[in-house]
2 protein chains.
Amino acid sequence: MSIASFLDAVPKSTLRAQIAERLRAAILAGDIPPGAPLVETALSESFDVSRGPLREALRQLIEEGLVVTVPYTGTHVAALSVEDVREIFSLRTALEIFAIEQVWERRDDRFRAELVRRNDALVATIDAGDDRASIETELAFHGLVYEASGHRLLQRAWASLRGRLQLYWAAHHRAHGRRGPRRDSHDSYIAALLGDDLAAVRAEIADHMRRGVETTERFLNTLEPLAKRGGRS
Amino acid sequence: MSIASFLDAVPKSTLRAQIAERLRAAILAGDIPPGAPLVETALSESFDVSRGPLREALRQLIEEGLVVTVPYTGTHVAALSVEDVREIFSLRTALEIFAIEQVWERRDDRFRAELVRRNDALVATIDAGDDRASIETELAFHGLVYEASGHRLLQRAWASLRGRLQLYWAAHHRAHGRRGPRRDSHDSYIAALLGDDLAAVRAEIADHMRRGVETTERFLNTLEPLAKRGGRS
DNA sequence: CGCGTCAGAATTGTCGACAATCGACGATGA
DNA sequence: TCATCGTCGATTGTCGACAATTCTGACGCG
């Protein structure tokens, strides 16, 4: 029926899921910048669907923190504030430490091998200078900890945080150009994870997050002006 | 317009919000038991609204983990498994410890006073033997830690966990009758929180959650049969 | 010149009908 | 008897039109 399903290689599922996926990708890629209005009628036309599925897709993105809406007034791409970013990193610290504790309890041997593999992939993209790919491989690298925890609720929490992180990085990339993850920070991170000292791992994760906030904090205030209206999730 | 808004004392807002609120209340009160089917057409009739807002309300409850749906097939009230409950308590341990750390960093004097006040309210309902009220005051008591953290993302995470907790307690209450929170467990909990030793607070929270799981774990397997289909969130 | 008021437009909210899909049941043939 | 296939009922998915609300900007009044 829909032309869109032929134009793009979205195999098949409900329209709601397809629209949500494509809209999310557009937002996280920075194609639709933070603060930009998302008008339902316009979007439904450009995606060639009715407003029903589109609204439901928007609701989902609202839950993910990528979109903000005000009843009867308007919908916009979320704009993160400085405090939002601090919250993301601080909560992520707690979650990631909890995740690694779960992993250690499970003693899954495949974890270390996969960790090394994903780290290699991450290092490769960093060395190649591919900023966008670096962000993706870095998320996959950290995501392994949550996957290996076997904790479904924790994985949901991580997914929620990951979306907001991507939104932040997209805005960061737009504002300052190429500036992906750094090698040295991850070298010490993976070194701690491969070691045997859980306390050291906890400290390293906290340090890792602290570095993440510190090295980007000076750029954060330049993002603020984008948060005209709302910005809350 | 809608008759429903006159029958019940839901002041005014979007229908989606009203329906979500009423459905959530019905589920958490146990009026609609875990595993029960939620047919959109039937619900839209009984609430006297069209299926549009009702579907969006269902989507929200799905996000909250209270409802499960399979495309083109059916929607049901979520049924928690034993593993789900374990995950809820373990993640809650990590979040609550993180929350109390945030509270300590803020050094808000009003926190202790409000904590004592809510503890009194909790003790009053427990002594009165009011099971449902005890659950509510206990949630309000623990919720204070998250509110006082000033961490909005953390509060969202807590809201997500709280809904699932209520669902669990509702099922528990249905299966085994009156069995609310216990005084002794909370006496040591608040005692630690009012003290000055953060390490002791961490340990007490972990113990508190462990007690919560242990004292209920023997009943958990009796809940399992309810989880016929899905049960995942 | 400032300020309240009030159309008009823009946007989201809601509705009722139709289409697509899935699961179960029974017919049919080997 | 059993396996297979088709049909039917139930449920969710999708659509287009209409209603309610909010924002904006122009206009008149003091």
Side-chain angles (χ1 to χ4, degrees), chain A residues 1-8 10-23 32 35-63 66-78 228-233, chain B residues 1-8 10-23 32 35-63 66-78 228-230 232:
Chain A
M1 273 300 170
S2 155
I3 299 178
S5 50
F6 292 95
L7 291 178
D8 297 76
V10 180
K12 84 166 186 182
S13 62
T14 63
L15 282 183
R16 167 184 62 251
Q18 296 176 33
I19 301 297
E21 187 178 336
R22 295 175 56 183
L23 249 184
I32 312 177
L38 295 172
V39 181
E40 294 179 359
T41 53
L43 287 177
S44 70
E45 242 177 77
S46 81
F47 281 125
D48 195 28
V49 296
S50 81
R51 279 181 54 216
L54 185 107
R55 280 172 62 86
E56 297 185 355
L58 278 179
R59 296 288 149 202
Q60 188 171 335
L61 297 183
I62 289 172
E63 280 303 313
L66 269 45
V67 165
V68 175
T69 185
V70 180
Y72 290 109
T73 302
T75 310
H76 301 79
V77 177
K228 290 174 185 174
R229 58 195 306 173
R232 271 276 18 84
S233 43
Chain B
M1 273 304 168
S2 155
I3 299 178
S5 51
F6 291 97
L7 291 177
D8 298 77
V10 180
K12 85 166 187 181
S13 61
T14 63
L15 282 183
R16 167 183 62 253
Q18 295 176 34
I19 301 296
E21 187 178 336
R22 294 175 57 184
L23 249 184
I32 312 177
L38 296 171
V39 181
E40 293 179 359
T41 54
L43 287 177
S44 70
E45 239 177 81
S46 82
F47 281 125
D48 194 28
V49 297
S50 81
R51 278 180 56 217
L54 184 106
R55 280 172 62 86
E56 297 185 356
L58 278 179
R59 296 288 150 202
Q60 187 172 334
L61 296 183
I62 289 172
E63 280 303 313
L66 269 45
V67 165
V68 176
T69 186
V70 180
Y72 289 109
T73 302
T75 310
H76 301 79
V77 177
K228 290 174 185 173
R229 57 196 307 173
R232 269 279 17 84

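Labels below follow one simple rule: chain letters A, B, ... track the order of the sequence lines, proteins then strands, and each chain is numbered from 1. Basis for what follows: all heavy atoms, side chains included, without hydrogens, waters or symmetry-related copies.
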Q: Going by the rule side-chain contact (heavy atoms from CB on, under 4.5 Å), which residues pair with B:E40 if we only count those two or more places apart in sequence or in a different chain?
A: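 With neighbours one apart ignored, the set is B:R51, B:L54, B:R55, B:L58.
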Q: Where is the tightest heavy-atom contact between B:A20 and B:L61, given as atom of each residue plus distance?
A: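 So the two residues come closest at O-CD2, 4.1 Å.
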Q: Going by the rule side-chain contact (heavy atoms from CB on, under 4.5 Å), which residues pair with A:S50 if we only count those two or more places apart in sequence or in a different chain?
A: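 Per chain and number, A:S50 pairs via side-chain contact (heavy atoms from CB on, under 4.5 Å) with A:P53.
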Q: Rounded to the Å, how far apart are B:L54 CG and D:dT11 P?
A: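 Answer to the nearest Å: 14 Å.
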Q: Identify the pairs formed between an N or O of the protein and an N or O of nucleotides 10-14 of chain C at a distance under 3.5 Å, and give each distance.
A:
from   : atom 1 : to    : atom 2 : distance (Å)
C:dT12 : OP1    : A:L38 : O      : 3.1
C:dT12 : OP1    : A:T75 : OG1    : 3.3
C:dT12 : OP2    : A:E40 : N      : 3.0
C:dT12 : O3'    : A:Y72 : N      : 3.3
C:dG13 : OP1    : B:R16 : NH2    : 3.4
C:dG13 : OP2    : A:R55 : NH1    : 2.6
C:dG13 : OP2    : A:R55 : NH2    : 3.1
C:dG13 : OP2    : A:R59 : NH2    : 3.0
C:dG13 : N7     : A:R51 : NH2    : 2.8
C:dG13 : O6     : A:R51 : NH1    : 2.8
C:dT14 : OP1    : B:L15 : N      : 2.4

Q: Look at the side chain of A:S44 and the backbone N and O of A:A42, then say whether any donor-acceptor pair between them is shorter than 3.5 Å.
A: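 No.
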Q: Nearest whole Å is fine: how far is D:dA10 C1' from B:H76 NE2?
A: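 Distance check: B:H76 NE2 to D:dA10 C1' gives 12 Å.
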Q: Under 3.5 Å, side chain of B:T69 to main-chain N/O of B:G74, donor-acceptor pair present?
A: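 Here the side-chain-to-backbone pair exists.
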